[in-house]
Amino acid sequence: MITPRCAAALQKGVGLVEVMIAVLVFAVGLLGIAALQATALKNSQSSLERSQAVIHTYGILDSMRANLVAARAGQYDTGGMQCAAGDPDAGTLAQRDVARWLTSMQTGGMGADACGQIQCVLATQYCTITVRWNDVRGLEGEAQQEFSTETRI
């Protein structure tokens, strides 16, 4: 039979092993939390860029509705995906609106490679606004993201 005094003698050194195991478990937990934080930051940036794409799309639509005669005449059509903003102070009101729209996307947090496209079908007065940007940080290598809105003006 083991007496309490012998049991205490057998327990020497076990505390150190228990502490080392506890530190190991704690370290693995902290690494998991750090990885979770990094993923949350990437997804947050991607979400911000998507929200900005929506805001910029509605912004150009508001400009088109304010200049409705020109919009219905097709003056806002970009003729394809446009990445070069051009001079925001030259040309017609429609051309200036498009140049400011592209400039605001590129300087407003979506990156210098943000592009936009406006296509309107004059017969039906339906317009499709498309925004494209690079989201390589948020989606692990999937660089091109695109958001489109179709509306009637």
Side-chain angles (χ1 to χ4, degrees), residues 14-153:
V14 175
L16 181 60
V17 171
E18 290 172 347
V19 169
M20 290 175 62
I21 291 173
V23 167
L24 176 68
V25 170
F26 184 68
V28 169
L30 285 179
L31 287 174
I33 290 172
L36 183 65
Q37 180 69 19
T39 302
L41 286 174
K42 284 194 303 187
N43 291 337
S44 177
Q45 178 66 28
S46 181
S47 175
L48 172 68
E49 290 171 354
R50 287 180 187 279
S51 297
Q52 287 177 342
V54 171
I55 290 168
H56 288 295
T57 299
Y58 288 159
I60 193 64
L61 283 172
D62 287 342
S63 296
M64 291 171 70
R65 287 188 177 114
N67 192 7
L68 195 56
V69 173
R72 287 184 175 166
Q75 293 181 18
Y76 280 87
D77 285 10
T78 59
M81 193 61 69
Q82 293 289 323
C83 297
D87 186 2
D89 296 322
T92 65
L93 178 60
Q95 291 169 335
R96 290 191 310 259
D97 285 343
V98 171
R100 287 185 187 120
W101 174 57
L102 291 170
T103 300
S104 69
M105 282 193 303
Q106 293 169 352
T107 61
M110 293 188 71
D113 53 356
C115 302
Q117 178 179 4
I118 302 171
Q119 288 183 325
C120 295
V121 178
L122 301 179
T124 61
Q125 296 177 348
Y126 276 96
C127 292
T128 303
I129 313 298
T130 306
V131 176
R132 183 181 300 156
W133 71 98
N134 184 338
D135 194 21
V136 72
R137 282 187 359 185
L139 297 175
E140 299 173 0
E142 192 174 330
Q144 294 298 320
Q145 288 295 306
E146 199 169 277
F147 174 79
S148 294
T149 299
E150 184 176 330
T151 188
R152 187 172 182 192
I153 56 167

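Worth saying up front: this structure is predicted, and the values here are computed from it rather than measured.
Partners of Q82 by side-chain contact (heavy atoms from CB on, under 4.5 Å), not counting sequence neighbours, listed by chain and number: T78, L102. Residues passing the side-chain hydrogen bond (donor to acceptor under 3.5 Å, both in side chains) test with N67, sequence neighbours excluded: Y76. T107 meets the side-chain contact (heavy atoms from CB on, under 4.5 Å) test with T103; sequence neighbours excluded.
Distance check, rounded to the nearest 0.5 Å: CG of L48 to CG of D135 gives 10.0 Å. Taking CH2 from W101 and CG from D62, the interatomic distance works out to 13.0 Å, rounded to the nearest 0.5 Å. Distance check, rounded to the nearest 0.5 Å: CE of M64 to CD1 of I118 gives 5.5 Å. M105 CE to D113 CG: the interatomic distance, rounded to the nearest 0.5 Å, is 10.5 Å. To the nearest 0.5 angstrom, Q145 atom CD is 6.0 Å from S46 atom OG. A distance of 10.0 Å separates CG in L36 from CG in L41, rounded to the nearest 0.5 Å.
Nearest heavy atom pair, residue G108 against residue Q52, reads O-NE2, 3.1 Å. Among all heavy-atom pairs drawn from Q117 and G80, the shortest one is CG-O, 3.5 Å. Considering every non-hydrogen atom in both I60 and D97, the closest pair reads CD1-O, 3.8 Å. A71 and L122 make their closest contact through O-CD2, 4.5 Å (heavy atoms, listed as atom of the first residue, atom of the second, distance). The two residues E146 and M81 make their nearest non-hydrogen contact at OE1-CE, 4.2 Å. Residue A85 comes nearest to A99 through the heavy atom pair O-CB, 3.1 Å, listed as atom of the first residue, atom of the second, then distance.
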After noting the C-alpha distance and the side-chain angles of I153 and R72, does the key distance pass the side-chain contact (heavy atoms from CB on, under 4.5 Å) rule? CA-CA 7 Å; I153 56 167; R72 287 184 175 166; 4.2 Å; yes
Mind running side-chain contact (heavy atoms from CB on, under 4.5 Å) on L93 and R96 for me, showing each step along the way? CA-CA 5 Å; L93 178 60; R96 290 191 310 259; 3.6 Å; yes
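Between the side chain of T39 and the backbone N or O of A35, at least one donor-acceptor pair lies under 3.5 Å. Checked by atom type and distance alone, the side chain of D87 pairs as donor or acceptor with a backbone atom of D89 at under 3.5 Å. In this structure a side-chain-to-backbone donor-acceptor pair under 3.5 Å is present from S104 to R100. Side-chain atoms of Q75 never come within 3.5 Å of backbone atoms of V69 as a donor-acceptor pair (strictly under, hydrogens ignored).
Using a 4.5 Å heavy-atom threshold, the side chains of V54 and R50 count as separate. Counting heavy atoms from C-beta on, the side chains of E150 and Y126 come closer than 4.5 Å.
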